[in-house]
Each structure stands twice: as structure tokens, then as C-alpha cells.
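Here's the structure we're looking at; comments come further down.
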Amino acid sequence: MAVNDLFQDRLSALQVMQDAPVIPVIVLQKVEHAVPMARALVAGGIRMLEVTLRTPVALACMEAIAREVPEAVIGAGTVRSASDAQASSLAGARFAVSPGYTHALGRACHDLGLPLLPGVATGSEIMAAQEGGYTALKFFPAMQAGGIAMLKAWSGPFGDVKFCPTGGVTPQNAPELLALPNVACVGGSWLVPADALARGDWARIEALAREAVALRRAA
Ligand code: 3PG
């Protein structure tokens, strides 16, 4: 997808998943890290950025990236309630990722026009998300909850669902996951290590992003 398309169109959850092989799961402790980190990821070829709502500065970080890094598409992670979704949307998030699914969250994101990748780990949760109109789902926690074998088992009854496995995904196991027909991308925290943020090692984050983009070719 060209950058212009990204900004003219409202995104679908599937477009979010298909932009790059990996969605980085990001935990930011300082607002001043947000912009250089986002620029490093974009320079490495990753522009869908999931900033988790796990720190008090998360919303301010989203605002800073939305304002100063127009090449990035900022998403909110760890979205657990309608109010999380509303606050994220106001802060500039253009997609949301949740660790689970509730109809209240599904409805809130629908009403906000915020594409949602809801987390699922069982057949019943997939069916609930589908009932809410969601078919591009995060499989969480992927490797802990069955990994590759689970994704293969789901491809029969849930052949119309695309997954983003997240949780325990590494550069080593990502190629096998990405080779599965029902996997659109993977998610992982390894692209933005806490120590690289603390040291301001943006070159390392850019290099990790480049390596993540190359995973598609390896798959
Ligand atoms: C998370 O919610 O923290 C994500 O699942 C990332 O998990 P990871 O650290 O195993 O990549």
C-alpha cells in the first residue's frame, strides 16, 4: 500500500495486518522516546506501530507520533474497554489491538470507525468476534496457547479468519508462522527492546525493523 493510500482511506484490520510481516508491540516509558523510535521503525520499513496502553505516557506518545511522524500509522495496543478505544482514537490511533474480545469493545471500535484486531485464544472467542463482525484477529498468547499446531487446527473450521499470532513470537519461529495460509502477520515486542529505548539506540531498532521486513521473504 502506498503512503498516500494509507492517509486517504480508512484502513481495514486486514490492511493493518498486511502492510508488513510484523506489527511491533511497543511499551514506552518516556514521551521523548516516541518520535525517534517511530522514525527508526519507519526507516526500517515498519509503519504500523502498536503502542500499548501499559504506561501513563502511552497516549501522549501516540499524540507525538501522530503529529510528528506522518509516515507512521499509529495503533493502540492493550485496548481493553470502550473508554480505552475512545481515548486512543482521540490521541490519533488509527487502529486498535486488544488482548481479548468483548462485544462492548467491538461495538465501541465499530462506532468510532477504529479498525480492531481483537485477541482470541479459543474457538468460542473466534465465534464471538465473528458475531461482532471481526474476521482479522490477533491470536494471543499465540505460542503459549498452541502456536503453529493451533493455527493449523483452526484453518479447517475457521478458514475465513486471518490471524496475527502474538506472544512468544521470535525472529526464529516467525518464518514458520508466516508460511501458514491463515497467518497475515505476526506481532512481537522484540523490535523495540527496552534497553535500546533506554540507550537511545535508534540504529538498532531500525536494523531490527529491517530484519523483520525480510522475514516475509524467508517465509
Ligand atoms: C504482549 O502483549 O506483550 C505481546 O504479546 C508481546 O509478546 P512478546 O513479548 O512475547 O512478543
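Values below: every heavy atom of this structure, side chains too, minus hydrogens, waters and symmetry copies. Numbering of ligands and ligand atoms starts at 1, following listing order.
Using a 4.5 Å heavy-atom cutoff, the side chains of Val79 and Val97 are not in contact. With a 4.5 Å cut-off on side-chain heavy atoms, Arg199 and Arg204 count as touching. Put simply, the side chain of Leu59 reaches to within 4.5 Å of the side chain of Ser88, judged on heavy atoms.
Within the structure, ring pair (Phe, Tyr, Trp, His ring centres under 6.0 Å) pairs that include any residue of residues 159-190 comprise Trp154-Phe163 (at least two apart or interchain). Pairs passing the side chain to side chain donor-acceptor pair (under 3.5 Å) check and including a residue from residues 102-119, sequence neighbours excluded, read Tyr101-His103.
By the 3.5 Å distance cut-off applied to N or O atoms, Ser189 is counted among the residues near ligand 1.
A salt bridge links Glu206 with Arg210; the closest basic N to acidic carboxylate O contact falls under 4.0 Å.
Within the listing of ligand 1, atoms 11 (O) sit less than 4.0 angstrom from a heavy atom of Gly188.
Among all non-hydrogen protein atoms, the one lying nearest atom 7 (O) of ligand 1 is Gly167 CA, 3.7 Å. Nearest protein heavy-atom contact of atom 2 (O) of ligand 1 is Arg54 NH2, 2.6 Å. What sits closest to atom 5 (O) of ligand 1 on the protein, heavy atoms only, is Phe140 CE1, 3.1 Å. When only non-hydrogen protein atoms are considered, atom 10 (O) of ligand 1 lies nearest to Gly168 N, 2.8 Å. Looking only at heavy atoms of the protein, atom 4 (C) of ligand 1 is closest to Thr166 CG2, 3.6 Å.
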